[in-house]
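Before any comments, here is the structure.
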Amino acid sequence: MSGVDDIFDRAFKGKSLVRNRQTLNIDYIPDRLPFRDDESNNLALKLSNVFKGARPSNLLLFGKPGTGKTAVVKTVVDRLIKKANELGIQITAPIINAKEANTAYKILYEIAKEMGTDDKGPKDKREEKIPFTGLSLGEANDRILRHIQKNKINMILVIDEIDSLVDKNGDVILYNFTRANQRMAKGGFISLVGISNSLTFKEKLDPRVRSSLSEEETVFNPYTIEQLRQILSTRAKMAFSEDAITDAVINLCAAMAGREHGDARKAIDLLRVSAELAEREHAPRVEEKHVRVAQDKIEKDAQFLAIQKAAPQDKLVMLAIARSKNGFTGEVYDAYSALCKKIDHEPLTQRRITQIISEMELLGVISTEVVNQGRGGRSQRIRITVPLATVKDALKDDPTLAELGY
DNA sequence: ATTCCACAGGAAACAGTGGTCC
DNA sequence: GGACCACTGTTTCCTGTGGAAT
C-alpha cells in the first residue's frame, strides 16, 4: 500500500494553490456583482414600491446563461427583505427554479413549502394546505391565494428559468398570479419576477399574461472578454494563494469562456477545474496547459455523464447508432429493434425513437443532418459526436448491455 | 407537372402510478 | 372505496417536406 500512502502523503504535504475554495464555486455570490450595478439599481428601484406599502410591478429579466441575472435578483431581494424587516414590513420572496419544479403544480407546491403550508405544515389548516399531489390545479391555486389573503402576505415571487413553464401549461399559473391582486382587496399582494434565458419566450405566452407580466423588462447583455477577465481576476485574488496563478491563465479562461457568449459561470468553472488539475499533479502554480486540459475535461465529463445516466432505452439507441452503417433513421431503428429482440425487450415505436434521438441531440452527444434522397425519401443522418472510447467507457457497467456482450 | 418515398414532428389519447377528497 | 387529479412516458394518427423518378 506504499504507493497509495505516498499519494496521500504528497497530497497532504503538497502546496495548496487555493486558499478560499468556496469563492470558486458556481453558486458563490460576491457582495457586489461587478458590471451589474445598473441592473441591480434598476431592479431595486422597481421593487422599492413595497416600502410605500404598494405592490411592485411585475418584472421580466432576460439574458443568456451566466450573465448574472439570478445573482442580481438574489442579492437585491436579499437586501430588500433585510431592509423591510428593519422597517417592520413583512415580505416573503420565494425563488423557484421552473426547470426543477417543471410543472404548474410543482411550482404551487414549492410556494406552499416556502410559506409552510405544504403537507408538512400544521394539520389544522387543511383548507390552506397543498399536498404533494391529489388536488386539482385550481384548488391548489385557490388555497395559496386564500392563505396569502388571510395572512396579508406580501410576496415577491421569483421564477427562474420561467421560459420552461410556458410549454407545460404553466402559463395558467402566471395568469392566475398576475391577476390575483385584483382579488386581494383586503391586503397582501403577489409581485412576479420572471428570469428567462430566452428572449423570444414571451411570444408563446397568452396575450393577457404577456401584458401583465411584462410591465417592466430588463435585458442582461453578455459579459465581454475584458469584463470576464476582470471578474476572474477579482475572484482569483480571493480564491488563490499568492503566486498560485498567472495573468496569462486568467486571460485564457476569459477568452475561452468569452468565445461562448460571455458566460461568467463557465469562466469560473474553468478556473476551478484548472486549479484542481494543477493541484492534483502538485504543480507549483496553475498554468495555461491546465486550462486547456480542464476545458477538454469539462466537455468530456458532461458527455460521459449524459451517456452514463441515460435511460436504458436511450443507451440501446446509442448502441444502435454506433452499429448502423450510415446512421440513417430507418437503419438505426432496425438496429435498435434487433438489439431489443436479442435481449427480449419490446421495442418502442419509431415515433418515440425519433423523439429520443432529438433529446440526445440536445444533450450534445450526437448530431443529426437532414439528408434528402429524392425518391429514396427524406431522412436524418445521425452521428455520435463523442469519442467512441468515451461511449464505451460510459456504457461498460450497464447490466442490460452486458447481456448483449457489449 | 406530378408522384412518391421515408421520414420528422405536432397533437391528442392512453396507461400506469401515486396521491386527495368525500 | 370510488371519483377525481397531476404527471410521465408512450402510442396512434396525421400532416408536411424536398428532391429524384416518372
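Note on naming: letters A, B, ... go to the chains in the order of the sequence lines (proteins, then strands), and numbering restarts at 1 for each one. Excluded from the calculations below are hydrogen atoms, water molecules and symmetry mates; all remaining heavy atoms, backbone and side chain alike, are included.
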Self-check item: Pairwise 5' ranking along DNA chain B for S358(A) and G376(A), keeping only the more 5' one
Solution: G376(A)
Exercise. Can you figure out which of dT8(C), dT11(C), dT20(B) approaches the side chain of L348(A) most closely?
Key: dT11(C)
Quiz prompt | Between dC7(B) (C1') and N326(A) (CG): distance, integer Å | solution = 16 Å
Self-check item: Below 4.0 Å: OP1/OP2 of dT8(C) and any side-chain N or O of N102(A)
Solution: yes
Quiz item: Taking CD1 from I353(A) and P from dG9(C), how many angstroms apart are they, rounded to a whole number?
Solution: 14 Å
Self-check item: Per R378(A) side chain, nearest of listed nucleotides dA6(C), dT10(C), dA6(B)
Solution: dA6(B)
Exercise. Tell me which nucleotide among dC21(B), dT12(C), dA6(C) gets nearest to the side chain of R143(A).
Key: dC21(B)
Quiz item: Between dG19(C) and Q373(A), is there an OP1 or OP2 to side-chain N/O distance shorter than 4.0 Å?
Solution: no
Quiz item: Between K106(A) and S136(A), which has a closest nucleotide on DNA chain C that is more 5'?
Solution: S136(A)
Quiz item: Is there a donor-acceptor contact under 3.5 Å linking the side chains of E226(A) and Q230(A)?
Solution: yes
Quiz item: Does the distance from a Lys or Arg side-chain N to an Asp or Glu carboxylate O, for D269(A) and R272(A), drop under 4.0 Å?
Solution: yes
Quiz item: When you check the phosphate oxygens OP1 and OP2 of dC7(B), does a side-chain N or O of T329(A) lie under 4.0 Å from one of them?
Solution: no
Quiz item: Taking OH from Y336(A) and C1' from dT10(C), how many angstroms apart are they, rounded to a whole number?
Solution: 11 Å
Quiz item: Under 4.0 Å between a side-chain N or O of T103(A) and OP1 or OP2 of dC7(C)?
Solution: yes
Self-check item: Separation of dG9(C) P from Q350(A) CD (nearest whole Å)
Solution: 21 Å
Exercise. Using only heavy-atom distances, decide whether a donor-acceptor pair under 3.5 angstrom links the side-chain of T354(A) to the base of dG9(B).
Key: no
Practice problem: To the nearest Å, give me how far apart CG (L135(A)) and P (dC7(C)) are. | Solution: 11 Å
Quiz item: Whole Å only: how far is the CD atom of E361(A) from the C1' atom of dG9(B)?
Solution: 13 Å
Practice problem: Cation-pi check, R229(A) to Y223(A): give yes when NZ or CZ is under 6.0 Å from the six-membered ring centre and within 45° of the ring axis, no otherwise. | Solution: no
Self-check item: Closest to the P131(A) side chain, choosing from dT8(C), dT12(C), dT20(B)
Solution: dT20(B)
Quiz item: Does R79(A) CZ have over 12 foreign heavy atoms under 6.0 Å away?
Solution: no
Exercise. Rounded to the nearest angstrom, tell me the gap between atom CD in Q355(A) and atom C1' in dC13(C).
Key: 14 Å
Quiz item: Rounded to whole angstroms, how far apart are CD1 on I356(A) and P on dT10(C)?
Solution: 6 Å
Quiz item: Are T70(A) and D160(A) close enough that a side-chain donor and a side-chain acceptor fall under 3.5 Å?
Solution: yes
Exercise. Identify which nucleotide among dC7(B), dA20(C), dT20(B) has an atom closest to any side-chain atom of R375(A), counting heavy atoms from C-beta outward.
Key: dA20(C)
Quiz prompt | Residue R352(A), side-chain atoms from C-beta onward, closest of dT11(C), dC5(C), dT8(C) | solution = dT11(C)
Quiz prompt | Side chain of T133(A) - closest among dC7(C), dC7(B), dG19(B) | solution = dG19(B)
Exercise. Tell me whether the OP1 or OP2 atom of dA6(B) has a side-chain N or O from R351(A) closer than 4.0 Å.
Key: no
Quiz item: Is the shortest side-chain N to carboxylate O distance from E359(A) to R352(A) below 4.0 Å?
Solution: yes
